[in-house]
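Just so you know, these numbers use all the heavy atoms, side chains as well, and skip hydrogens, waters and symmetry mates. Just so we're on the same page: letters track the sequence lines, and every chain starts at 1.
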Amino acid sequence: MTLPDCPNFKSHFAELLSHALHTLSNTDLDINIEFARPKQTSHGDYSCNLAMQLAKPLRQNPHTIATILVNAMPSSPYLEKVEVAGAGFINLFLTVQTKQQFPHIVLKKNKEFGCGNYGEKKKIQVEFVSANPTGPLHVGHGRGAAFGASLCNVLTAAGFSVSREYYVNDAGRQMDILAVSTWLRYLELNGQSIFFPTAAYQGEYVRKMAQLIYKAHGNRYVHQDKPLPENLFGQKEKKEVDPEVLLDQLILDTKNFLGQDYTYIHNFVLTEQLGDCRNDLMEFGVVFDTWFPEQTLFEDGMVAHVIKLLEQKNYLYQQDGAIWFRSSDFGDEKDRVVQRENGQFTYFASDIAYHLNKFQRGFERIINVWGADHHGYIPRMKGALQALALDPSKLEIALVQFAVLYRNGVKAPMSTRSGEFVTLRELRQEVGNDAARFFYLLRKSDQHLDFDLDLAKSQNNDNPVYYVQYAHARVCSVLEQWGENSSILATVDTALLTSAVELSLLQKLIDYPEMIDVAARELSPHLIAFYLRELAGEFHSYYNSTRFLVPEVPLRLARLALIASVRQVLANGLTLLGVSAPEKM
RNA sequence: GCCUUGGUAGCUCAGUGGAUAGAGCGACCCCCUCCUAAGGGGUAGGUCGCAAGUUCGAUUCUUGCCCAGGGCGCCA
């Protein structure tokens with residue numbers, strides 16, 4: 001017997017049971033027929049609780065129903081037997097021959113094994129990271145990057161046409177604060193004794209940018225011909241003065257003072273930080289199809305357009321000098337400002353324009369990967385979409401919790417503005433890209449991640465990533481010692497794979513495509529990391545219990561075909577996670 | 001106060017409306033004349049936060065409570 005393709009056993013069995021159900025009852029029972037993978041092998045390869053679900057509506061005991069269903073089930077070439085057990089479980093056992101086909105399927109499909117058609121080539125956009133270019137990426141951003149990149153890989157494998165996007169906040173107040181901070185440091189380099197506000201960016205990288213400007217242009221941006229604004233000097237931060245208000249005043253002063261030169265400083269720091277960010281992510285194996293600058297939304301009038309639209313639909317009003325959007329009409333707790341009293345549009349305003357733009361680009365699904373601290377932002381964004389008569393269900397938000405860092409058992413500060421944080425680059429250098437990527441995905445994205453830096457940095461050999469990679473390297477080593485062309489393994493006889501550990505390993509291979517499918521449906525790339533650890537574990541057991549390079553040629557070939565399949569699946573999974581699959585360790 | 005996410009082994013965390021709740025680390029005991037010991041096998045370790053409810057069945061769903069993280073800006 002050969003399997004034509006990679007069958008979806010669960011849906012196949014569901015059809016069989018559905019057929020049986022129809023012969024049993026005329027009533028239209030709307031029951032989802034689901035299968036579980038029992039922990040105990042004596043409970044079969046798949047088990048179904050359909051009979052228990054039917055017990056109440058049919059008013060019969062589940063065991064009787066199960067027996068009737070099993071007798072009415074059409075036969076399947078894949079099934080060895082079907083048993084009724086326990087309280088009324090229907091347990092299905094695959095034939096050994098069916099399982100033994102899988103090395104052939106895996107080795108024939110190679111990199112394609114696990115790919116599915118759930119996505120039906122639909123266009124889907126995933127926006128992630130999108131950190132403000134106001135400083136180096138920190139380990140929190142790293143989590144979003146690792147999650148987003150792997151999610152995109154999984155969605156691609158599941159058959160979507162994925163577009164990866166980074167939204168660049170190059171137009172906001174934070175960029176102004178960075179530009180001013182840099183200019184102040186630059187003034188210091190020029191011997192000016194000025195006051196540096198605590199609310200400005202304190203990081204060392206700001207001084208470095210100031211030095212770059214100083215080296216290239218000397219005192220060009222001091223504008224010695226006129227006195228510096230008074231606000232730069234002697235401003236003790238008094239308690240009654242809001243430091244943010246002070247900062248806004250400083251931005252205004254700086255813009256007025258520098259005139260056209262302000263644009264130079266602003267663009268310089270933006271280019272520097274964005275370039276740094278891009279390189280950092282590239283080294284981390286995270287690439288984007290589109291870098292979308294917020295600035296363009298202002299330049300091409302999109303923001304003005306969207307404000308006008310909302311105004312026409314009467315969703316805006318003026319109060320306290322600002323313009324508000326009626327997001328509370330759409331379930332938000334309160335209305336939100338779109339234009340500040342000082343005339344500046346808020347981040348929210350340009351974000352509405354951005355999302356209108358996303359919808360206009362024709363994506364069937366739009367996924368935003370946000371830090372969980374933005375969860376309160378969701379109702380107003382969806383509200384804005386509704387106000388614009390766009391379908392809010394097309395927009396899905398995947399929340400990623402920030403990583404909370406611990407150093408020497410103490411929570412490490414993670415503020416970009418204060419300049420105290422562990423950067424993604426530092427983390428990558430200390431634990432390596434592979435370990436960092438894997439570590440991030442070893443827990444659910446929407447869960448808090450307690451990241452003990454000392455442990456992570458010292459972990460190295462204990463890190464689960466090496467466990468998985470080692471399994472891959474071991475297979476490579478065995479195949480190398482075997483020394484023949486492994487392409488012949490795709491067609492060798494596998495009927496000699498009969499031990500418990502071999503059958504369990506075969507079943508694990510069978511599970512892979514379904515695991516990918518679930519990971520895509522649930523936007524959960526962490527499932528891959530868990531799967532790989534289990535597969536590697538079963539392989540290591542196999543390795544220790546069974547010798548592969550045995551003298552008997554047919555047995556040797558069968559076992560090599562199995563471990564070559566394991567290697568392929570490990571490599572495929574690691575690729576989705578953005579982790580390398582080394583041939584030697 | 002409101003929103004949100006958690007509370008599962010000593011620690012870090014998976015998992016599931018089903019059958020005997022798992023892994024890694026840590027502890028203890030074994031296994032290299034043998035394809036890489038970055039490995040394997042075993043032992044110990046649990047009131048699945050507490051209490052009600054729904055259900056044939058709840059650690060899983062609902063509600064309440066306790067504890068903890070995060071969010072509640074004319075920042076992004």
Completion exercise
Winner on side-chain proximity to A/Thr346, out of B/rC74, B/rU5, B/rG70, is B/rC74
Problem - Flag for A/Asp351-A/Tyr377: side-chain donor and acceptor within less than 3.5 Å - result: yes
Handout entry: Shortest side-chain distance from A/Leu549, nucleotide among B/rA76, B/rC35, B/rG39
Key = B/rC35
Exercise for the section: Classify the nucleic acid contact of A/Asn49 as base, sugar-phosphate or nothing, counting any heavy atom under 4.0 Å across all strands shown. Expected result: base
Between the protein and nucleotides 28-34 of chain B, are there any N/O to N/O pairs under 3.5 Å, and if so, what are the atom names and distances?
residue	atom	partner	partner atom	Å
B/rC34	O2'	A/Arg547	NH1	2.8

Practice task
For the pair A/Glu127 and A/Lys358, find out whether any cationic side-chain nitrogen is under 4.0 Å from an anionic carboxylate oxygen.
Solution key: yes
Exercise for the section: Taking only the side-chain nitrogens and oxygens of A/Tyr467, find out if one of them lies under 4.0 Å from OP1 or OP2 of B/rG40. Expected result: yes
Problem - Syn/anti state of B/rC34 by chi, 90° boundary around 0 - result: anti
Handout entry: Given B/rC35, B/rC74, B/rA23, the nucleotide with the shortest approach to the side chain of A/Ser477
Key = B/rC35
Problem - base_contact_polar (B/rG6 base, A/His448 side chain, donor-acceptor, <3.5 Å) - result: no
Practice task
Using the C1' atom on both, measure B/rG46 against B/rU59 and round to a whole Å.
Solution key: 11 Å
Problem - Upstream residue (5' side of RNA chain B) when A/Leu442 and A/Phe89 are each assigned their closest nucleotide - result: A/Leu442
Practice task
Indicate whether the side chain of A/Asn169 and that of A/Gln174 have a donor and an acceptor atom separated by less than 3.5 Å.
Solution key: no
Practice task
Assess the side chains of A/Glu502 and A/Tyr542: does a donor N or O sit below 3.5 Å from an acceptor N or O?
Solution key: yes
Exercise for the section: Verify the distance criterion only: is there a donor paired with an acceptor across the side chains of A/His374 and A/Asn368 at less than 3.5 Å? Expected result: no
Problem - A/Tyr440 six-ring face occupied by A/Arg443 cation (under 6.0 Å, within 45°) - result: no
Completion exercise
Regarding the side chain of A/His43, the nearest nucleotide among B/rA19, B/rG24, B/rC74 is B/rA19
Practice task
Considering only atom C1', compute the distance from B/rA21 to B/rU47 and round it to an integer number of Å.
Solution key: 13 Å
